[in-house]
Amino acid sequence: MLEIKFVRQNFDLVQNSILKRCKSTNIENFKIYDSKVRAILQEIEELRHRRNMFSDKIASMKKKGIDSDSLVLEMRNESETIKNLNSDLLENEEKLNNILMEIPNIPHSSVQEGKDSSDNLLIRTIGKLPDFDFEPKHHWELGEKLKIFDFERASKITGARFPLYFGAGAKLERALINFMLDIHTTEHGYTEVLPPFMVNRQSLTSTGQLPKFEDDLFKIEGWDYYMVPTAEVPVTNIHQNEILDESTLPIMYTAYTPCFRSEAGSYGKDTKGLIRQHQFNKIELVKFAKPENSYDELERLTQNAETILKRLNLPYQVVSLCTGDLGFSSAKTYDIEVWMPAQGVYREISSCSNFENFQARRGNIRFKRKGEKKTELVHTLNGSGLAVGRTVAAIIENYQQKDGSIIIPENLRPFMGNIERISL
RNA sequence: GGAGAGAUGGCCGAGUAGGCUGAAGGCGCUCGCCUGCUAAGCGAGUGUAGGGCGAAAGUUCUACCCAGGGUUCGAAUCCCUGUCUCUCCGCCA
């Protein structure tokens, strides 16, 4: 959320930034409701001031034994007026707030203007593409042949787009989770967190999934709970409504969670394999940083995610999302895309963002500098480190052999009982 | 699932026969003093948000004692609903 004062004073800039994002959010009514709210508020405050004064007067009259009935009667009416004005106020405030909650973050000045992913800026390309002397197969073909996953049976258990791993496949997924968590905790200094896998409405509002993107979520019927779409939500909300001590910043957490997404609007896209599932595993990196450091922290966080790919010897590229492709809450985002040989394309495997104080304002996450009395909003950042299912897919495709077996990346072997390859 | 107790400022913790209590006290924090360092000690200050006036220091008004309703001229204090925490019983991985 942007600060209401900022929107009021920089209305054109805000509107412009929505245009740059190629979004159609209409904020014209902001001005109307804003001035209405302010006018009503002023009136109420005056009336309340009067009421407070006369209440004191009534108190002292009663003490002295003076008759105050007429004054009481008058104040009774006035209280009624205040009550009516107040419901008027609430109504307008709600409308104003709804608009405010749907305004996306302002892109950082370094973010390239563009309409969609085709305008994203390539930052770097790392690693050597594998050189096959045969036609590389898709991971789902290889995986099903090796009997390490079975999408048919998964759909029987639940429905389309759910994973079901067996044997070395299940182990590979688990090994990667441990591999990633170990590197982030022991080498990059993150604290491991295991959060709830369901979150409430307030938490999703803090991080920006709600109110706008309810359709993307799985909701628990009869509860105010939702399945986590990403660990970003529970982990960022650890410090919801807190005032952090400056000396603890940056706070760095890493968490494994499964992620649940309805994938509304993506029917027909990536229908096969592990790329787009309703449930997938992900390791998340989350930081709470001081404003002046947050862009350095973003670079570091992105590199932390890249480290995993480097250790696995998977080729990838990093792109900076253009304004049109940027997520709602983000001011700047780097996507890390891993090479998928069968399709011959780079696919997103991590998304690392700086939200500046956009989420912090919604979640009321602040810090206090030593010697200062004012609190400030922290900057929040997060990124995948990495999406596990897609990493499995990438390993299978990049490490496939002519005979259909899969070589296990060397650094991962200690986590796989030291086996060197998955074969029939 | 049944029965109780509680929710107050950065933290701990007073305050319920309704009216200068934005809220005692303590801790913490900030500034100053003192002790050749440190610790201790002494003094002063120290909530948040919004609005008015002021160049600023400041000043003034409004709101906030879990949340939302209600009673009342007036509620941290009374009533209702909800949420969360704790204790006991039951059940259970």
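A note on names: the letters A, B, ... follow the listed sequences, proteins ahead of strands, and every chain is numbered from 1. Everything numeric here is computed off the predicted structure, so don't read it as measured data.
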Problem set entry | Partners passing side-chain contact (heavy atoms from CB on, under 4.5 Å) against A/N313 (at least two apart in sequence or in another chain) | A/Y399

Problem set entry | For B/rA49, the Watson-Crick or wobble partner whose two distances fall under 3.5 Å | B/rU62

Exercise. Between B/rU72 atom C1' and A/E74 atom CD, what is the distance in whole Å?
Worked result: 17 Å

For this session: Report the residue (A/E46 or A/M75) whose heavy-atom-nearest nucleotide on RNA chain B is the more 5′ of the two.
Result: A/E46

For this session: Send over the distance from A/R48 CZ to B/rU72 P, rounded to a whole Å.
Result: 18 Å

Exercise. Whom does B/rC42 pair with, Watson-Crick or G-U wobble, provided both distances fall under 3.5 Å?
Worked result: B/rG32

Exercise. Do any side-chain nitrogens or oxygens of A/S60 fall under 4.0 Å of OP1 or OP2 in B/rG19?
Worked result: no

Exercise. Rounded to whole angstrom units, what separation is found between the CD atom of A/E93 and the C1' atom of B/rC64?
Worked result: 14 Å

For this session: Could you work out the separation of B/rU62 and B/rA3 based on their C1' atoms and round it to a whole Å?
Result: 43 Å

Exercise. In the strands shown, is B/rA67 matched to any nucleotide by a Watson-Crick or G-U wobble pair with both distances under 3.5 Å, and which?
Worked result: B/rU81

Problem set entry | Side chain of A/R76 - closest among B/rG19, B/rC73, B/rG50 | B/rC73

For this session: Could you tell me the separation between the CZ atom of A/R361 and the P atom of B/rA49, rounded to a whole number of Å?
Result: 12 Å

Exercise. Between B/rG51, B/rU62, B/rG19, which nucleotide gets closest to the side-chain atoms of A/K5?
Worked result: B/rG51

Problem set entry | C1' spacing across the pair B/rC64 / B/rA23, given as an integer number of angstrom | 12 Å

Seminar exercise, completed: Re B/rG9: Watson-Crick or G-U wobble partner, both distances kept under 3.5 Å, found to be none

Exercise. Across all strands shown, which nucleotide pairs with B/rU87 by Watson-Crick or G-U wobble geometry, both distances under 3.5 Å?
Worked result: B/rA3

Problem set entry | A/I243 side-chain proximity, nearest of B/rG10, B/rG51, B/rG74 | B/rG10

Exercise. Are A/H239 and A/Y253 an aromatic pair by the rule of ring centers under 6.0 Å?
Worked result: yes

Exercise. Do the ring centers of A/Y226 and A/F218 come within less than 6.0 Å of each other?
Worked result: no

Exercise. In whole angstroms, how far is the C1' atom of B/rU62 from the CG atom of A/D56?
Worked result: 15 Å

Exercise. How far, in whole Å, is B/rU35 from B/rC42 if one measures between their P atoms?
Worked result: 16 Å

Seminar exercise, completed: Ranking B/rU71, B/rG51, B/rA63 by distance to the side chain of A/K83, first place goes to B/rU71

Exercise. From B/rG50, B/rC73, B/rG69, pick the nucleotide closest to the side chain of A/L41?
Worked result: B/rG50

For this session: State the pairing partner of B/rA23; accept Watson-Crick or G-U wobble contacts with both distances under 3.5 Å, and report none otherwise.
Result: none

Exercise. The side chain of A/R366 lies closest to which of these nucleotides: B/rG19, B/rA63, B/rU48?
Worked result: B/rU48

Exercise. Any idea how A/H188 and A/Y190 line up, ring-wise: parallel (<30°), tilted (30 to 60°), or perpendicular (>60°)?
Worked result: perpendicular

Exercise. Where each residue is assigned the nucleotide of RNA chain B containing its nearest heavy atom, which of A/N52 and A/L73 is assigned the position nearer the 5′ end?
Worked result: A/N52

For this session: Give the C-alpha distance, both sets of side-chain angles, the deciding distance and a yes or no for ring-ring contact (aromatic ring centres under 6.0 Å, His included) between A/H379 and A/F358.
Result: CA-CA 8 Å; A/H379 280 195; A/F358 190 85; over 10 Å; no

For this session: Could you check which of B/rC73, B/rG69, B/rG50 has an atom nearest any side-chain atom of A/R51?
Result: B/rC73

For this session: Examine A/K31 relative to A/F11 and say whether NZ or CZ is less than 6.0 Å from the centre of the six-membered ring and inside a 45° cone about the ring axis.
Result: yes

Problem set entry | A/I40 CD1 to B/rG51 C1', straight-line distance once rounded to whole Å | 15 Å

Exercise. How many Å lie between CG on A/N86 and P on B/rG50, as a whole number?
Worked result: 19 Å

Problem set entry | Base-pairing mate for B/rA56 - Watson-Crick or G-U, with both contacts under 3.5 Å | none

Seminar exercise, completed: Here the pair of heavy atoms bringing A/R21 nearest to A/G327 is NH1-O, 2.9 Å

Exercise. Looking only at atom P, what distance separates B/rA57 and B/rG68, rounded to whole Å?
Worked result: 32 Å

Exercise. If you look at every strand shown and take non-hydrogen atoms under 4.0 Å, does A/K62 touch a base, only sugar-phosphate, or nothing?
Worked result: base

Exercise. Quantified in whole Å, what is the C1' atom distance between nucleotide B/rC29 and nucleotide B/rG9?
Worked result: 14 Å

Problem set entry | B/rG2 to B/rG90 separation - C1' atoms, rounded to the nearest Å | 8 Å

Exercise. Side chain of A/Y225: nearest nucleotide among B/rC84, B/rG70, B/rG69?
Worked result: B/rC84

Problem set entry | Among A/R48, A/R51, A/K83, A/R50, salt bridge (charged side-chain N to carboxylate O under 4.0 Å, His left out) partner for A/E78 | A/R50

Exercise. Rounded to the Å, how far apart are A/I44 CD1 and B/rG50 C1'?
Worked result: 13 Å

Problem set entry | Separation of the C1' atoms in B/rG22 and B/rC31, to the nearest angstrom | 24 Å

Exercise. Say you pick atom C1' in B/rA93 and the same atom in B/rU85; how far apart are they, in whole Å?
Worked result: 23 Å

Exercise. For the side chain of A/H49, counting heavy atoms from C-beta on, which of B/rC84, B/rG10, B/rU62 is nearest?
Worked result: B/rU62

For this session: Check every atom of B/rG10, B/rG19, B/rU62 against the side chain of A/E45 and return the nucleotide holding the closest atom.
Result: B/rU62

Exercise. Should B/rU16 form a Watson-Crick or G-U wobble pair with both distances under 3.5 Å, which nucleotide is its partner?
Worked result: none

